[in-house]
Structures are given as structure tokens and as C-alpha cells.
Amino acid sequence: MSRIAIIDFETTGMTPNAGDRATEVAIVIAEQGVAVDRFQSLMNAGVRVSSFITQLTGITNAMLAQAPPADAVMREAARFVGQHTPMVAHNAAFDRRFWVAELERAGVAAPQPFACTVLLSRRLYPEAPSHRLGALVDRFQLPRTGRAHRALADAEMASELLGRIQHDLRTRHGVGNPDHAFLMALQRCSRAALPAFMRAQQSRCSATSSPLP
DNA sequence: TGCCAGGCCCTCTTTAGGGCCTT
């Protein structure tokens, strides 16, 4: 396992193409499955949040009025992650859309590949009744470090979930090195093809004499 | 007035529809 950035956005809505903007971003850096660094900031994109969003996240228009400009926050976030650090998010399609859109506004490239803990959870835990982040955190009794629907607390929970997924891949499926490239391949694998995919991975581990935990 | 997305998965499917997941 190597360096991975786990990200979570709070936003004004679901889609940047419809004018929605990010209001908060948090990033946890995990190395060898352990959180080693964190970035978190509210951001002022010059938009107002609805009462629904304030009720959901606790983020108010007064808080955003005091926040640094969105483009400055995003440039700092991009520097924090680095161009070569792969990323992970819970429902990555959502966070990736805002990562790309907000960085584009700030004039920064967003080349990082995104793996998705929702897709990975559906592959590995098909019996789970819900794949919501909070439900999975409860199911695996992972630690909660703050209020749900705040960016840093959700990024921390997603990081914990990623650690659990990597742990289960090693201990239950014999995957010696569940790195980001493996996670990307796994989430693209259909459920029907999953057993063969895992067998192939286990054979590769055995052939390279990777010790199983 | 009411609604507004996108990608993935499952099934009573594949020339489709509905649910999940994110704010």
C-alpha cells in the first residue's frame, strides 16, 4: 500500500453543472493504511446555502462569509494532495465532479484517479443492507470523529472504511497488496467475474511469494 | 407549480425501469 488521499466535499447541491458549488473540503492522507495528515477548510464560493443544507451540514451563510475564497482553498488542496497521489471517496463520482469543477475554476489540473468505497463495498459486502457511509461505519463499528455531513468527519470515516476494506482484502481474500491500482480494478470488476478476479489475484500473490497475514 | 444529476447495480432485463448513493 502506498499514499492515498481520501476526500469529502460539502456542497450546495448535487451537480456543479447546474451551478452547485463546494462549501467545504477535507482530505485525509493515508500511508500504508494509516492516516498521517489532514486538510480541511470551508470555502467561500460567493453562493448561499439553503436552509436544507444548513440543517444537513451545520454550515451557515455566516460561516461561509468568513471563509477564504474557494479558488485559494482549492489551489491549497491541490498542493496538499499532489498530482501523483491517487484519491478515494465515498460515491467518488460525486466528489470527483466537484474536485474537477472547482479546480478548473481555480485554473488547476485534476489528473488524479478516483476509487470509490461505495463500489468497493458493493463488491465485498453484497449482504450489507445499506452502503451509505454512516451505515457501513456502524456495521463495522468504525470510529466516528465528528459530526456526520461535515467534510473532515466524513473523510475520516471514509478513510476508516477504506482501511477496513484493505484489511478484509488481505485477511479474507489473500490479496497481499490491495493498493489503489488494485482497488480500481476491483471496482470495475462485475459481480459475476469477482470470484475469478480474486483467484487470479491470489495466484499472483502466491507466485510472487507475498506472505499472507 | 413542480422539478432539476450522474453512474452504477439489479431484475419481473438487454429496444428498460427503478433504486441506491452523494449534498
Side-chain angles (χ1 to χ4, degrees), chain A residues 5-28 40-64 67 70 73-74 77 87-105 110 112-140 142 144 146-162 164-165 183-198:
Chain A
I6 301 95
I7 189 168
D8 186 80
F9 278 107
E10 304 304 320
T11 72
T12 63
M14 290 298 176
T15 173
N17 289 340
D20 290 322
R21 298 295 304 272
T23 57
E24 187 178 41
V25 61
I27 300 158
V28 173
Q40 179 274 330
S41 182
L42 290 165
M43 63 177 84
N44 185 350
V47 295
R48 296 183 63 81
V49 294
S50 66
S51 58
F52 169 77
I53 292 295
T54 295
Q55 190 170 19
L56 178 70
T57 66
I59 295 171
T60 66
N61 286 303
M63 291 164 67
L64 295 182
V73 171
M74 290 306 300
M87 303 183 77
V88 168
H90 197 68
N91 196 16
F94 174 86
D95 290 286
R96 184 178 181 279
R97 280 200 301 274
F98 280 94
W99 178 250
V100 170
E102 293 291 351
L103 283 180
E104 185 174 15
R105 287 175 178 271
Q112 300 86 353
F114 272 68
C116 176
T117 47
V118 173
L119 298 181
L120 293 168
S121 174
R122 286 175 176 163
R123 295 291 179 280
L124 295 178
Y125 316 117
E127 74 286 357
S130 169
H131 296 277
R132 288 185 171 200
L133 181 58
L136 292 167
V137 164
D138 289 343
R139 179 180 180 85
F140 297 123
L142 301 174
R144 290 176 179 267
R147 172 184 173 144
H149 295 298
R150 285 301 298 266
L152 184 57
D154 283 3
E156 296 268 16
M157 288 193 289
S159 177
E160 293 284 346
L161 176 59
L162 175 64
R164 171 68 189 227
I165 287 170
L183 299 176
M184 294 290 287
L186 175 59
Q187 72 179 31
R188 285 192 298 264
C189 180
S190 71
R191 182 172 292 182
L194 190 61
F197 177 84
M198 288 296 191

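Per chain, numbering begins at 1; letters A, B, ... match sequence-line order.
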Separation of [X] atom [atom1] from [N] atom [atom2], in whole Å?
X        : N      : atom1 : atom2 : answer
A/Asp95  : B/dC21 : CG    : P     : 15 Å
A/Leu194 : B/dC8  : CG    : P     : 17 Å
A/Arg21  : B/dA5  : CZ    : P     : 19 Å
A/Leu136 : B/dC20 : CG    : C1'   : 12 Å
A/Phe98  : B/dC21 : CZ    : P     : 19 Å
A/Arg97  : B/dG7  : CZ    : P     : 7 Å
A/Phe94  : B/dC8  : CZ    : C1'   : 16 Å
A/Leu56  : B/dC21 : CG    : P     : 16 Å

Taking atom CZ of A/Arg48 as the centre, does the number of heavy atoms from other residues, nucleotides or ligands within less than 6.0 Å exceed 12?
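No, CZ of A/Arg48 has 12 or fewer neighbouring heavy atoms, counting only those of other groups under 6.0 Å.
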
Just jot down the salt bridge (charged side-chain N to carboxylate O under 4.0 Å, His left out) partners of A/Arg164, sequence neighbours excluded, or say none.
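Once residues adjacent in sequence are excluded, the partners of A/Arg164 under the salt bridge (charged side-chain N to carboxylate O under 4.0 Å, His left out) criterion are A/Asp168.
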
Which distance, rounded to the nearest 0.5 Å, do you find between the CG of A/Leu152 and the CG of A/Asp8?
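So the gap between those two atoms works out to 9.5 Å.
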
With a non-hydrogen cut-off below 4.0 angstrom, is A/Leu119 in contact with a base, only sugar-phosphate, or nothing?
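Touches sugar-phosphate only.
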
Is A/Asp8 touching bases, backbone alone, or none of the nucleic acid, heavy atoms closer than 4.0 Å?
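The answer is sugar-phosphate, as A/Asp8 gets under 4.0 Å only of primed atoms, P, OP1 or OP2.
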
Both A/Cys189 and A/Phe52 contact DNA chain B. Which one's nearest nucleotide lies toward the 5' end?
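The residue mapped nearer the 5' terminus is A/Cys189.
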
DNA chain B: A/Ser190 or A/Asn17, which has the more 5' nearest nucleotide?
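Its nearest nucleotide lies further toward 5', so the answer is A/Asn17.
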
Test ring pair (Phe, Tyr, Trp, His ring centres under 6.0 Å) on A/Phe140 and A/Tyr125; report intermediate values, then the result.
CA-CA 11 Å; A/Phe140 297 123; A/Tyr125 316 117; 4.8 Å; yes

For A/Val88 and A/Phe114: C-alpha separation, side-chain torsions, deciding distance, then whether side-chain contact (heavy atoms from CB on, under 4.5 Å) applies.
CA-CA 5 Å; A/Val88 168; A/Phe114 272 68; over 6 Å; no

Gap in Å between the two [atom1] atoms, one belonging to [N] and one to [M], rounded:
N      : M      : atom1 : value
B/dG7  : B/dT1  : P     : 32 Å
B/dG18 : B/dT23 : P     : 25 Å
B/dG2  : B/dG6  : P     : 24 Å
B/dC4  : B/dC10 : C1'   : 26 Å
B/dT15 : B/dC3  : P     : 31 Å
B/dC8  : B/dC12 : P     : 23 Å

Choosing from [options], which nucleotide comes nearest the side chain of [X]?
X        : options               : result
A/Arg132 : B/dC21, B/dG7, B/dT23 : B/dC21
A/Glu10  : B/dA5, B/dG7, B/dT23  : B/dT23
A/Leu133 : B/dT22, B/dT23, B/dG7 : B/dT22

Kindly say if [X] contacts the phosphate of [N], meaning a side-chain N or O under 4.0 Å from OP1 or OP2.
X        : N      : answer
A/Ser130 : B/dC21 : yes
A/His131 : B/dC20 : no
A/His149 : B/dT23 : yes

May I have all residue pairs that pass side-chain hydrogen bond (donor to acceptor under 3.5 Å, both in side chains) and include part of residues 13-27 of chain A, sequence neighbours excluded?
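Residue pairs passing side-chain hydrogen bond (donor to acceptor under 3.5 Å, both in side chains), neighbours aside: A/Thr12-A/Asp20, A/Arg21-A/Glu102, A/Glu24-A/Gln40, A/Glu24-A/Arg150.
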
Shortest non-hydrogen separation from A/Ile59 to A/Glu10 and the atoms involved
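Heavy atoms only, the tightest pair is CD1-CB, 3.8 Å.
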
Main chain of A/Leu133, side chain of A/His90: is a donor-acceptor contact present, judged purely on distance under 3.5 Å?
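Yes, the answer is positive, given that a donor and an acceptor are paired below the 3.5 Å cut-off.
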
Positions of residues 151-162 of chain A (non-hydrogen atom under 4.0 Å from DNA chain B), listed by number:
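Under 4.0 Å from DNA chain B: A/Asp154.
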
Do A/His149 and A/Thr57 have side-chain N/O donor and acceptor atoms under 3.5 Å apart?
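Checked: A/His149/A/Thr57 side chains show no N/O donor-acceptor pair below 3.5 Å.
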
